[in-house]
Amino acid sequence: MDGLALRLARLIQETGPLTLAQYMALCLHDPADGYYATRPGLGAAGDFITAPEVSQMFGEMIGVWAVSVWAAMGRPAPVRLVELGPGSGALIGDLLRAAKAEPAFLAAMDLWLVELSAPLRKAQAARLAGVPVSFAESLDQVPRDAPVIVIGNEFLDCFGVRQFVRRDGAWLEHRVGLDASGGLCLGLAPPPSGFSAPADAPEGAVLEVSSAQEALGEAIGLRIGEAGGAALLIDYGRDRFGFGDTFQALAGHRKVDPLARPGHADLTVHVDFPSVAAAARRGGARTTPITEQGRFLQRMGIAARARTLCDSAVRSGRPELAEVLARQLHRLVDPTGMGQLFKVLCVHALAADPPGFSDAEEAA
Ligand code: SAH
């Protein structure tokens, strides 16, 4: 066992088995040994790949979205552009390039990146060379005196869940404890007092509850209700209530045992979008329908953008690039790739839903 595993074992001996949410937070963010704090592995050479790492077109479409939302907000200056968990900085770099089409937006923008990971902050600053940017550890640290446009791709999936399972007609909680030889193992404990679950759950059903995801949804709703603006949240997750175990660990692009090497793998859960949206409405904002990523990107014009990039690749004598772009487009929008599993939710304070969220856009 290395550093973090040993410290977790000691913590469990002292305080009892951990909830999955506690375990995830420690494995991801422990300052000495946490995954994001020490060895975040985004991209093809790392542990997992995200949409902005697949293609520049993803961040560009979000740039088109941000500029049109800013117009719908009445072109406020300043406007705080906030990215939650910017990873390598690819998304924000591509967004800003697309936003060059609207220099007034860039002039009005005050850019904030919410990031805990020191190595990733460094990568983001390098990617944005020359662009003035401020860093924060949470949305709460971003000043409240101007409207916001918030972007978060694969951010909420890092916010852990408590996991409950129905056994012999009763609910029990999955917790990380210690086995007979002192290693980490998953066990069952009674649920907390006040726990409630749907009465009609079948035997074996797994229920995931994320107070951290909901708290973030509420904070975003509160901020937008007060200051105005919009937030775009993109993640893999569900668009309606459902049971299921979605806790997973990825290392080297493979699913691994989440308890095997704490701090060495990316740990995620599916985002419970209906609960996040309800929390944002409680906070005082409106929410759009929860929409599939493929649909959202198509409505934002990704096919036309792909054609423009392909044409220019062919014109400059690089037809192989056109094939790469076609593959990227397919991966982002097709149901067999990221198009259906990934969902998009917008929290906003606008009179009408922003672009990307209405069936009418398909017909256009
Ligand atoms: N949005 C990027 C990266 C996704 S990985 C992309 O799509 O490629 C998750 C990102 O969120 C990382 O940058 C990670 O360091 C950051 N992160 C995770 N939990 C966080 C938290 N609680 N507070 C701030 N940043 C967090």
Side-chain angles (χ1 to χ4, degrees), residues 21-31 33-63 66 81-96 112-128 133-142 150-161 210-217 219-220 231-237 248-251 253 263 265-271 276 293 296-297 328 331-332 338 341-344:
Q22 290 168 323
Y23 178 75
M24 262 181 86
L26 289 165
C27 288
L28 292 180
H29 300 302
D30 178 78
D33 297 307
Y35 177 76
Y36 283 114
T38 57
R39 53 179 84 79
L42 281 89
D47 298 311
F48 64 103
I49 194 143
T50 60
E53 304 293 326
V54 168
S55 173
Q56 68 179 76
M57 293 184 283
F58 184 78
E60 290 171 350
M61 289 304 107
I62 295 182
L81 179 64
V82 184
E83 186 178 0
L84 307 173
S88 72
L91 191 162
I92 194 68
D94 295 332
L95 182 159
L96 294 179
W112 284 76
L113 303 182
V114 172
E115 178 60 71
L116 286 178
S117 159
L120 288 178
R121 279 188 181 198
K122 222 166 137 189
Q124 293 151 16
R127 179 80 71 131
L128 288 172
V133 59
S134 309
F135 285 96
E137 288 184 359
S138 71
L139 183 61
D140 282 345
Q141 288 180 358
V142 177
V150 180
I151 311 290
N153 186 62
E154 292 212 35
F155 182 70
L156 275 160
D157 64 346
C158 305
F159 285 66
V161 292
S210 179
S211 56
Q213 289 178 13
E214 288 181 38
L216 185 72
I220 290 173
L232 191 68
L233 302 171
I234 309 167
D235 235 300
Y236 49 173
Q248 72 165 26
L250 279 183
H253 303 274
D266 185 36
L267 301 182
T268 58
V269 288
H270 281 199
V271 172
V276 171
Q293 170 172 303
F296 172 80
L297 292 174
Q328 293 176 349
R331 184 155 179 197
L332 290 180
M338 304 172 106
L341 178 60
F342 281 73
K343 312 287 191 305
V344 191

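Both ligands and their constituent atoms are indexed starting at 1 by order of listing. As the structure is a computational prediction, the values presented were derived from the model and not from experiment.
For the pair V271/L233, no side-chain contact is recorded, criterion being any heavy-atom separation below 4.5 Å from C-beta on. Using a 4.5 Å cut-off on side-chain heavy atoms (C-beta onward), T268 and F48 make no contact.
Classification of the H29-Y36 ring pair by plane angle, with boundaries at 30° and 60°, yields parallel.
Not a single N or O atom of E53, backbone or side chain, sits closer than 3.5 Å to an N or O atom of ligand 1. On a distance-only criterion, E154 and ligand 1 share no N/O pair closer than 3.5 Å. At a 3.5 angstrom cut-off on N or O pairs, Q124 does not count as close to ligand 1. Among the atoms of G85, some N or O lies under 3.5 angstrom from an N or O of ligand 1. The shortest N or O to N or O distance between G87 and ligand 1 is under 3.5 Å. Here's the thing with N153: one of its N/O atoms is less than 3.5 angstrom from an N/O atom of ligand 1.
A donor-acceptor pair is defined here as one N or O able to donate and one able to accept, closer than 3.5 Å; such a pair exists between the side chain of H253 and the backbone of G46. Using a distance-only test at 3.5 Å, with no hydrogens or angles considered, no donor-acceptor pair links the side chain of Y236 to the main chain of M338.
Using a 4.0 angstrom heavy-atom cutoff, L120 counts as in contact with ligand 1. For the ligand labelled ligand 1, residue P40 lies outside the 4.0 Å heavy-atom shell.
Protein heavy atom in closest approach to atom 8 (O) of ligand 1: T50 OG1, 2.5 Å. Among all non-hydrogen protein atoms, the one lying nearest atom 14 (C) of ligand 1 is E115 OE2, 3.5 Å.
Note: R121 CZ to L116 CG = 7.0 Å, rounded to the nearest 0.5 Å.
Within the 4.0 Å heavy-atom criterion, the part of L42 lying near ligand 1 is the side chain and not the backbone.
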Could you list the donor-acceptor pairs under 3.5 angstrom formed by side chains in residues 133-142, with sequence neighbours left out?
unit_1 : atom_1 : unit_2 : atom_2 : d
S138   : OG     : D140   : N      : 3.4
Q141   : OE1    : E137   : N      : 2.7

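With distances taken over non-hydrogen atoms, the option nearest atom 17 (N) of ligand 1 out of F58, F48, F155 is F155.
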